[in-house]
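Throughout, numbering of the chain's residues begins at 1 and tracks the sequence.
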Amino acid sequence: MARNELRPVIRLRSTAGTGFTYVTRKNRRNDPDRMTLRKYDPLAGRHVDFREER
């Protein structure tokens with residue numbers, strides 16, 4: 001299956017200011033805006049919001 005721009009690779013950066021990132025894919029048809037997920041930040045030691053950076 002070919003990879004295309006419908007599901008691009010995005011980087012999620014921690015809002016805690018630690019600089020920790022997660023890398024994932026998203027569907028642009030379902031989520032055209034910037035994605036925000038609540039995930040664990042090991043440098044902060046707690047769950048924080050991670051926002052998509054472009």
Side-chain angles (χ1 to χ4, degrees):
M1 179 188 264
R3 293 189 178 181
N4 57 13
E5 288 301 313
L6 182 61
R7 293 189 64 88
V9 175
I10 61 166
R11 183 172 292 191
L12 300 170
R13 184 173 296 276
S14 173
T15 58
T18 59
F20 190 78
T21 60
Y22 281 100
V23 178
T24 186
R25 293 181 170 272
K26 77 167 189 176
N27 189 330
R28 284 201 182 168
R29 285 189 189 149
N30 296 339
D31 300 310
D33 301 327
R34 287 196 181 181
M35 186 183 290
T36 302
L37 295 175
R38 190 158 173 84
K39 296 181 74 65
Y40 183 74
D41 187 343
L43 300 177
R46 59 192 171 97
H47 283 79
V48 296
D49 286 336
F50 280 74
R51 291 204 60 219
E52 175 185 349
E53 66 175 19
R54 297 192 181 183

field: Residue list, side-chain hydrogen bond (donor to acceptor under 3.5 Å, both in side chains) with Arg13, at least two apart or on another chain
entry: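 Per chain and number, Arg13 pairs via side-chain hydrogen bond (donor to acceptor under 3.5 Å, both in side chains) with Glu53.
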query: For Ser14 and Val48, which heavy atoms make the closest approach, and how far apart are they?
result: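 For Ser14 and Val48, the tightest heavy-atom pair comes out as OG-CG2, 3.5 Å.
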- prompt: For Leu12 and Phe50, which heavy atoms make the closest approach, and how far apart are they?
  reply: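 So the two residues come closest at O-CD2, 3.6 Å.
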query: With sequence neighbours excluded, what pairs up with Tyr40 under the ring pair (Phe, Tyr, Trp, His ring centres under 6.0 Å) test?
result: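 Partners of Tyr40 by the ring pair (Phe, Tyr, Trp, His ring centres under 6.0 Å) criterion, ordered by chain and then number, come out as His47.
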field: Donor-acceptor contact present, side-chain Thr15 to main-chain Asp49, <3.5 Å
entry: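 Side chain of Thr15 to backbone of Asp49: a pair is present.
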message: To the nearest 0.5 Å, what is the distance between CG on Leu6 and CZ on Arg25?
response: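 Spacing of CG (Leu6) from CZ (Arg25) equals 10.5 Å.
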message: Does anything in residues 26-35 form a side chain to side chain donor-acceptor pair (under 3.5 Å)? List the pairs, not counting sequence neighbours.
response: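 Pairs touching residues 26-35 that pass the test: Lys26-Glu52.
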